[in-house]
2 protein chains.
Amino acid sequence: MTIRSADAERVRNISFFKQADDPTFARAMTGAFLQRFPANTTLLMEGDPVDFLYILLEGAVELGAGWKSKDTTLAILRPVSTFILAAVVLESDSLMSAVTLERSEILMVPGDSLRRSMKEDATFGFAVSEELAGCYRGLVRSIKNHKLRDSTERLANYLLTQRVRQGEKNTIVLPHEKRVLAALLGMTPENLSRAFSKLSDKGVSVEGAHVRFDNVAALERLARPTPLIDNHYAQDCNTKGKAFTERQQGLLDTKSD
Amino acid sequence: MTIRSADAERVRNISFFKQADDPTFARAMTGAFLQRFPANTTLLMEGDPVDFLYILLEGAVELGAGWKSKDTTLAILRPVSTFILAAVVLESDSLMSAVTLERSEILMVPGDSLRRSMKEDATFGFAVSEELAGCYRGLVRSIKNHKLRDSTERLANYLLTQRVRQGEKNTIVLPHEKRVLAALLGMTPENLSRAFSKLSDKGVSVEGAHVRFDNVAALERLARPTPLIDNHYAQDCNTKGKAFTERQQGLLDTKSD
DNA sequence: TGGTGAGCTTGATAAAAGTCAAGGTAACCG
DNA sequence: CGGTTACCTTGACTTTTATCAAGCTCACCA
């Protein structure tokens, strides 16, 4: 198997592999291999059969979809993220396309291995169910974000989420190009610019990828973040003493399918 | 246990219970009870802790969400459907509210029983994973439907889907009030009316809940249905010889969380 | 050093969807 | 049977978002 042990370690730390014991983990990884892709490589097109679970270890991947000459971005993934887990579980065709945005390293795990491990080890299977449930809830959040908020409100909440993740400082660095950010927030680059200028009222100033907050209270008054939509903490969280992961995802952020 | 055997039979036929053996099924149903609710009863509010898996046996339920005085419908469920499965698996709070639209019968299954069965029986656990994966894909379809199509296109595709499900006849009966249908399709009742009149070009005529199609070809030319968005067959389907269920759902139709 | 191009912004315009107000129809009920 | 009510439709208007067309900035490079 062509996997460096450092990579194996990172994969093991993914929520649903963490709970697997060693033999199950080894069996789930049977036939897995690491592959490197340049930027702008299409990994998967809509409708393609899905043979592997993809685990992004380095780089960035955009999940998208198109219809009648329109295109839309469904999620931008950053390491470490898995994608098309749902299609793997169902042995069905992909509903989205996947394209690298940067040079990326991706671990490809054969669907058969994963499904077999799930069927043999109920604990591991349950962990995958938790992962799928978390992904589902991420999409519910996305839909709420889109249907209940206008573009300026979505941007305001995105900025506040980034601020929390980057340590509650009064400046943040945008992790994507603005056109990518616009796609992620479901608007055109033009409207992203306009949304930023609407937020200057609320003490938001932008210079390149740097955003400064001079009046967080005013921004929060507009944004009204809520745990029922915004998942400020993308890492593991704790409920009833049991650790599990529920990632923010889909149109909001990182990690999908 | 207060469950009629006729109801037990219907529950057993739900995709992910069908695959369970009898002892597992019995264990998953430990402590389950049937409850009747009048119309317009709130079963669950956003943010409520979720203690039960809900299985709708009779009636209709709307799943919705709100923010800042706005409200939106995420799905309309019809029997037999489960809901808030994802929250049950994760033992977390509901991200959506659930309200009966009609007098309804609902089987409430304790979350503990379900989770325990999943952890004890890998086959059952895998079946739940398949269900969650199907739900996830239903939401992906919903998002694509919303982001890639305008309201008239969504209506056109909805009508074609109903036509397939109701037997490819040239008339169908709308299964919901128009205002409910509007919510389901993500538009206002006013715009639903306008969308219907835009479709009169394509041979669509409406009288009350009855819709007639006089030029299906023209309608399809506008609607351009695709299996990557529209799931015409809400029932079980077959892939690689193995039966599994992938329901259409979310904003498109029936069945959720 | 001056050109080239990608990314971003700005303004003008157009399309899509929501809002508000009025009216029509049909079922239900006193 | 007349009146109330819920639902649907229609028209005028507003808001939101997308589109198109310039321009601007800045890094990169011949």
Side-chain angles (χ1 to χ4, degrees), chain A residues 39-40 60 62 66-73 76 101-102 143 145-159 173-201 204-211 222 251, chain B residues 39-40 60 62 66-73 76 101-102 143 145-159 173-201 204-211 222 251:
Chain A
N40 296 311
E62 178 191 275
W67 181 76
K68 256 195 186 184
S69 82
K70 262 191 247 186
D71 277 290
T72 190
T73 297
I76 310 285
L101 290 175
E102 316 168 356
I143 293 176
N145 194 38
H146 269 279
K147 292 188 72 172
L148 295 169
R149 290 170 172 164
D150 68 24
S151 57
T152 307
E153 291 166 335
R154 289 200 297 276
L155 174 60
N157 278 289
Y158 175 84
L159 293 175
V173 179
L174 299 174
H176 311 287
E177 283 179 358
K178 291 217 183 78
R179 54 182 204 81
V180 174
L181 180 56
L184 192 64
L185 292 171
M187 57 181 120
T188 58
E190 291 95 323
N191 278 330
L192 177 62
S193 275
R194 292 189 252 268
F196 266 120
S197 53
K198 276 189 201 169
L199 292 183
S200 62
D201 286 38
V204 175
S205 44
V206 196
E207 222 180 283
H210 293 264
V211 179
L222 171 77
L251 313 191
Chain B
N40 296 312
E62 178 190 275
W67 182 75
K68 256 195 183 183
S69 83
K70 262 191 247 186
D71 277 290
T72 190
T73 297
I76 309 284
L101 291 175
E102 315 168 356
I143 294 176
N145 193 39
H146 268 279
K147 292 189 71 171
L148 295 169
R149 291 171 172 164
D150 68 24
S151 56
T152 307
E153 290 166 336
R154 289 199 298 276
L155 175 60
N157 278 290
Y158 175 84
L159 294 175
V173 178
L174 299 175
H176 311 285
E177 283 179 358
K178 291 216 182 79
R179 54 182 203 80
V180 174
L181 180 56
L184 193 64
L185 293 172
M187 56 181 118
T188 58
E190 290 95 323
N191 278 330
L192 177 62
S193 275
R194 290 178 190 120
F196 267 120
S197 54
K198 276 189 201 169
L199 292 183
S200 62
D201 287 37
V204 175
S205 43
V206 196
E207 222 180 283
H210 293 264
V211 179
L222 171 77
L251 312 191

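Below, chain A is the first sequence line, B the second, and so on; all start at residue 1.
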Examine C:dG18: is either OP1 or OP2 under 4.0 Å from a nitrogen or oxygen in the side chain of B:Lys70? Give yes or no. no
Does B:Asn191 put a side-chain nitrogen or oxygen below 4.0 Å from OP1 or OP2 of C:dG18? yes
Indicate, with a heavy-atom threshold strictly under 4.0 Å, whether A:Ser151 touches base, sugar-phosphate, or nothing. sugar-phosphate
Once you apply a heavy-atom cut-off of 4.0 Å, does A:Thr188 come out as touching a base, just sugar-phosphate, or nothing? base
Got a donor-acceptor contact below 3.5 angstrom from the [X] side chain to the [Y] backbone?
X        : Y        : answer
A:Asn157 : A:Glu153 : yes
B:Arg149 : B:Arg154 : no
B:Lys68  : A:Leu222 : yes

What is the first contacted nucleotide of DNA chain D and what is the last, in 5' to 3' order, if contact means an atom lying under 4.0 angstrom from a heavy atom of chain B? D:dC7 to D:dA12
Roughly, in whole Å, what's the span from [atom1] in [X] to [atom2] in [N]?
X        : N      : atom1 : atom2 : value
A:Glu177 : C:dA6  : CD    : C1'   : 9 Å
A:Met187 : C:dT9  : CE    : C1'   : 15 Å
B:Leu185 : C:dG18 : CG    : C1'   : 16 Å
B:Leu148 : C:dA16 : CG    : P     : 15 Å
A:Arg179 : C:dT9  : CZ    : C1'   : 16 Å
A:Lys147 : C:dA17 : NZ    : P     : 12 Å
A:Leu192 : C:dT9  : CG    : P     : 7 Å
B:Asp71  : C:dG18 : CG    : P     : 14 Å

Selection residues 176-197 of chain A - residue pairs positive for salt bridge (Lys or Arg N to Asp or Glu O under 4.0 Å), sequence neighbours left out: A:Glu177-A:Arg179
Considering non-hydrogen atoms only, spot the tightest contact between B:Thr73 and B:Glu62 and give its length. OG1-OE1, 3.3 Å
Decide yes or no for B:Leu199 and B:Leu159: does some side-chain heavy atom of the first lie under 4.5 Å from some side-chain heavy atom of the second? yes
Just by protein heavy atoms under 4.0 Å, how would nucleotides 20-25 of chain C read 5' to 3' in B, S and -? B-----
